[in-house]
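Heads up: the structure comes next, in structure tokens.
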Amino acid sequence: MTAEPALQVRDLVVRFGDVTAVDGVTFTAARGAITAVLGANGAGKTTTLETCEGFRRPTGGSVRVLGQDPAARRGDLRARVGVMLQDAGVPATARPGEALDAAAALYAHPHRPAELLEVLDLHRVARTPFRRLSGGEQQRVKLALALVGRPELVVADEPSSGLDPHARIAVWQLLAGLRDAGVSVVLTTHLMDEAETLADHVVIMNKGHVVAAGAPAQLVGDADAQLRFRAPLALDLTDLARALPDGVTVSEDSPGHYRVAGAVGPQAIAAVTAWCAARGVLAADLSLGHRSLQDVFVALTGQDAP
């Protein structure tokens, strides 16, 4: 296996008129790994991937996909890269089985369409027009079309969007299986648990910039435990903050969701429960755990994952 990255983005800049959508983005996606690109709407992640796929030319910087310029060598890369887009142009009347048969005919050594239909639980709707499929089924058809050519690199924009929990787990297992077989996967997602479960490497974007990159465990770090609970909105936390031990803080991260962070031990837990009891506040879903990728995302971007 070559040491050359599956995807290499260096100082990428993409402008639309006076608007800079991507501003100096640099990251690498390793071969045989899953790389997740995270960011809220407008962060620039989709524009970055569209440039990597050769659909846009960079205003500045460079992109290399499997060692080649995707804008200049798009034809050469077509058989080596499978692209799953949110807005993929699948005709409304197309039937999954027929669409996969037609796509498979374009490749020298494709997957058998019947196998993909079975793996993605689409065999029962193989003859159903695309427009009549559920949102989750349409997502899986798009993924099947991206995989049918046995690509070296799969680029997937929100692969789990619109899926029910059972279908989402099936897609996760498929993507993990691709990685285990040596296929490189680059995906965007709004689901922090998806990135934390699947990704070997995470890139977090905000307002056109990369604000953090690394393995999920590296980004989360060896943080102190955190206490979380749900309660009525906009509680006055002044007295609770005073009652907590030194170095322990309390905040309302999102409406009605509270977090106590720092060296959370028995004293801090007792302070929280006593404060709630004194004010008649029912602390629901009280739990003690460590910082998550969601916490990292919020801290770096100042907003919840959509």
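Counting from 1, the numbers follow the sequence of the chain as shown. The figures that follow rest on heavy atoms only: side chains count, while hydrogens, waters and symmetry mates do not. Worth saying up front: this structure is predicted, and the values here are computed from it rather than measured.
By the neighbour-count criterion of 12 heavy atoms within 6.0 Å, atom CZ of Arg279 is densely surrounded, having more than that number from other residues, nucleotides or ligands. Heavy-atom contacts from other residues, nucleotides or ligands closer than 6.0 Å to CZ of Arg10 number 12 or fewer.
Closest heavy-atom contact between Glu252 and Leu233: OE2-CA, 3.7 Å. Of all heavy-atom pairs between Ala71 and Asp69, the closest is N-OD1, 3.0 Å. The shortest heavy-atom contact between Thr189 and Ala195 is CG2-CB, 4.2 Å. Nearest heavy atom pair, residue Gly214 against residue Leu219, reads O-CD1, 3.8 Å. Heavy-atom minimum distance, Ala29 versus Val186: CB-CG2, 3.7 Å. Here the closest heavy-atom approach between residue Ala212 and residue Leu300 is recorded as CB-CD1, 3.4 Å.
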### Message
Walk me through whether Trp172 and Thr197 qualify under side chain to side chain donor-acceptor pair (under 3.5 Å).
### Response
CA-CA 9 Å; Trp172 288 5; Thr197 300; over 6 Å; no
### Query
Which is it for Asp76 and Gln68 under the side chain to side chain contact (heavy atoms under 4.5 Å, CB included) test, yes or no, and what are the steps along the way?
CA-CA 9 Å; Asp76 295 342; Gln68 300 190 58; 3.9 Å; yes
### Task
Evaluate side chain to side chain contact (heavy atoms under 4.5 Å, CB included) for Leu244 paired with Val272, printing each intermediate quantity in order.
CA-CA 8 Å; Leu244 291 170; Val272 170; 4.1 Å; yes
### Message
Run the side chain to side chain contact (heavy atoms under 4.5 Å, CB included) test on Met192 and Leu38 for me, step by step, so that the C-alpha distance in whole Å, both residues' side-chain angles and the decisive distance to 0.1 Å come before the verdict.
### Response
CA-CA 8 Å; Met192 295 296 111; Leu38 311 180; 3.9 Å; yes
### Audit row: Val141, Glu137, side chain to side chain contact (heavy atoms under 4.5 Å, CB included) steps and yes/no
CA-CA 6 Å; Val141 171; Glu137 289 166 344; 5.6 Å; no
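With sequence neighbours left out, the salt bridge (charged side-chain N to carboxylate O under 4.0 Å, His left out) criterion links Arg228 to Asp295.
Taken together through direct or relayed side-chain contacts under 4.5 Å among Ile, Leu, Val, Met, Phe, Trp and Tyr, Ile169 and Leu116 form parts of separate hydrophobic clusters. Val203 and Val13 are assigned to two separate hydrophobic clusters, defined by single-linkage of ILVMFWY side chains at heavy-atom distances under 4.5 Å. A continuous path of hydrophobic side-chain contacts links Phe55 to Val9 [ILVMFWY only; heavy atoms under 4.5 Å]. One hydrophobic cluster, built from ILVMFWY side chains closer than 4.5 Å, holds both Val260 and Leu288. Under the 4.5 Å side-chain heavy-atom criterion for ILVMFWY residues, a single connected hydrophobic cluster contains both Leu100 and Phe130.
Side-chain N/O atoms of His190 and Glu158 include a donor and acceptor closer than 3.5 Å.
Applying the side chain to side chain donor-acceptor pair (under 3.5 Å) test to pairs two or more places apart or on separate chains, those with a residue in residues 259-276 are Asp253-Arg259.
Of the candidates Thr59, Thr47, Val22, Val22 is the only one forming a side chain to side chain contact (heavy atoms under 4.5 Å, CB included) with Leu12.
Contact check on Arg31 versus Glu152 returns a salt bridge, with a Lys/Arg side-chain nitrogen under 4.0 Å from an Asp/Glu carboxylate oxygen. Ion pairing of Arg15 with Asp18 is absent here, as no side-chain N (NZ or NE/NH1/NH2) approaches a carboxylate O to less than 4.0 Å.
With rounding to the nearest 0.5 angstrom, the OG1 atom of Thr188 is 3.5 Å from the CG atom of Asp157. With rounding to the nearest 0.5 angstrom, the CG atom of Leu7 is 9.5 Å from the OG atom of Ser184. Taking CG of Leu174 as the start and CG of Leu143 as the end, the distance is 5.5 Å to the nearest 0.5 Å. In this structure, CZ in Arg230 is found 9.0 Å from CG in Leu282, a value given to the nearest 0.5 Å.
Proximity of a side-chain donor or acceptor of Gln218 to a complementary backbone N or O of Ala215 within less than 3.5 Å is detected.
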